[in-house]
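Before any comments, here is the structure.
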Protein chains: 2
Amino acid sequence: MSVATASPPLSIADAAQATGLTPHTLRYYERDGLMLEPIERASSGHRRYTEQDLGWIVMLTRLRGTGMPIREVRAYAELCRAGDGNEAQRLALLHAHRERVLAQLAAVQENLEAIEYKIGLYEGRVGSP
Amino acid sequence: MSVATASPPLSIADAAQATGLTPHTLRYYERDGLMLEPIERASSGHRRYTEQDLGWIVMLTRLRGTGMPIREVRAYAELCRAGDGNEAQRLALLHAHRERVLAQLAAVQENLEAIEYKIGLYEGRVGSP
DNA sequence: CCTTGACTTCGAGCCCACTCGAAGCACCAT
DNA sequence: ATGGTGCTTCGAGTGGGCTCGAAGTCAAGG
């Protein structure tokens, strides 16, 4: 059994620190239905982030970081929340996202090449008298 | 001499068609100082886009498509407008942009890999009973 | 002549994703 | 007890990048 590391829940400030988001953003995500479930509270009412919470935040940050809109992250979260039985839907959502990201990557790379060509022109011109 | 293809200037609708932007966006870009110079007008006051104009629009679309903010495109346009003598500055601007784009590409690719790993998990689970 | 339709300008509106501020409560150290 | 810090909620504000609508003008076709 892995009882070794039962790390204690984190305050919102620590969770922000750990995820690279701000406390404001963490609250906003929760309000907006992006979390799998409402974050647990201490008796004081303060949020307590578990390791699972952090793991999910990392995933959603990756989704956001690849350009998935908030509303689609929410849709994905809702599927996960709904429990077993909709894995195919989740998979379809992730697949569709993957295709979009690949297309986007290809487009950016093509544009970048054209820009690098332009840079080459400038370097040629700048290097010569 | 290449006198062969002296293509006539285009209406804003045709230029929009040709560049994949909307007429609204083309006017907005011009208003916002993103064009190298004000677009020529027909006697009616209607814009007439030349091939040079289209070429520049393609370039600026590539800059935008790689995430360069409007204000920086404007800065680049201003440098170009200023004429010779600031090639080093333009180059520096493009170089800086290139670095940002490469960093961004790397980040997106890393995130995408993690998402693909997740997809792999779902496919494994979905494939089995 | 008169309509049609593509254009013009100007300013406002919209969407997205945060980002912030105000007012209030809870705990902890002095 | 008291001040400080760190949280809470709520709602409003910001910035970027378009996007749109209204009102007017012009050239061509019927």
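Throughout, a chain's letter reflects where its sequence line sits, starting with A, and its residues are numbered from 1. Reckoned from all heavy atoms, side chains included, excluding hydrogens, waters and symmetry mates.
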Gap between atoms [atom1] and [atom2], on [X] and [N] respectively (whole Å):
{"X": "B/H24", "N": "C/dG13", "atom1": "NE2", "atom2": "P", "value": "15 Å"}
{"X": "B/R47", "N": "D/dA27", "atom1": "CZ", "atom2": "P", "value": "17 Å"}
{"X": "B/R74", "N": "D/dC18", "atom1": "CZ", "atom2": "C1'", "value": "14 Å"}
{"X": "B/Y29", "N": "D/dG17", "atom1": "OH", "atom2": "P", "value": "9 Å"}
{"X": "B/I70", "N": "D/dG15", "atom1": "CD1", "atom2": "C1'", "value": "12 Å"}
{"X": "A/E72", "N": "C/dA17", "atom1": "CD", "atom2": "C1'", "value": "15 Å"}
{"X": "B/R64", "N": "D/dG16", "atom1": "CZ", "atom2": "P", "value": "11 Å"}
{"X": "B/M68", "N": "D/dG16", "atom1": "CE", "atom2": "C1'", "value": "16 Å"}

Please state whether the phosphate of [N], meaning OP1 or OP2, lies under 4.0 angstrom from any side-chain nitrogen or oxygen of [X].
{"X": "A/T22", "N": "C/dC18", "answer": "no"}
{"X": "B/R41", "N": "C/dT9", "answer": "yes"}
{"X": "B/S44", "N": "D/dA28", "answer": "no"}

Establish, from distance only, whether the side-chain atoms of A/H46 and A/E40 form a donor-acceptor pair under 3.5 Å. no
Nearest listed nucleotide, side chain of [X], among [options]:
{"X": "A/Y28", "options": "C/dC7, C/dA17, D/dC18", "value": "C/dA17"}
{"X": "B/R31", "options": "C/dC7, C/dT8, C/dG11", "value": "C/dG11"}
{"X": "B/I12", "options": "D/dG17, C/dT8, D/dC18", "value": "C/dT8"}
{"X": "B/R27", "options": "C/dT19, C/dT9, C/dA17", "value": "C/dT9"}

B/W56 vs B/Y76 aromatic rings, parallel, tilted or perpendicular, using cut-offs 30° and 60°? parallel
So do A/L112 and B/L105 actually touch side chain to side chain, heavy atoms under 4.5 Å? yes
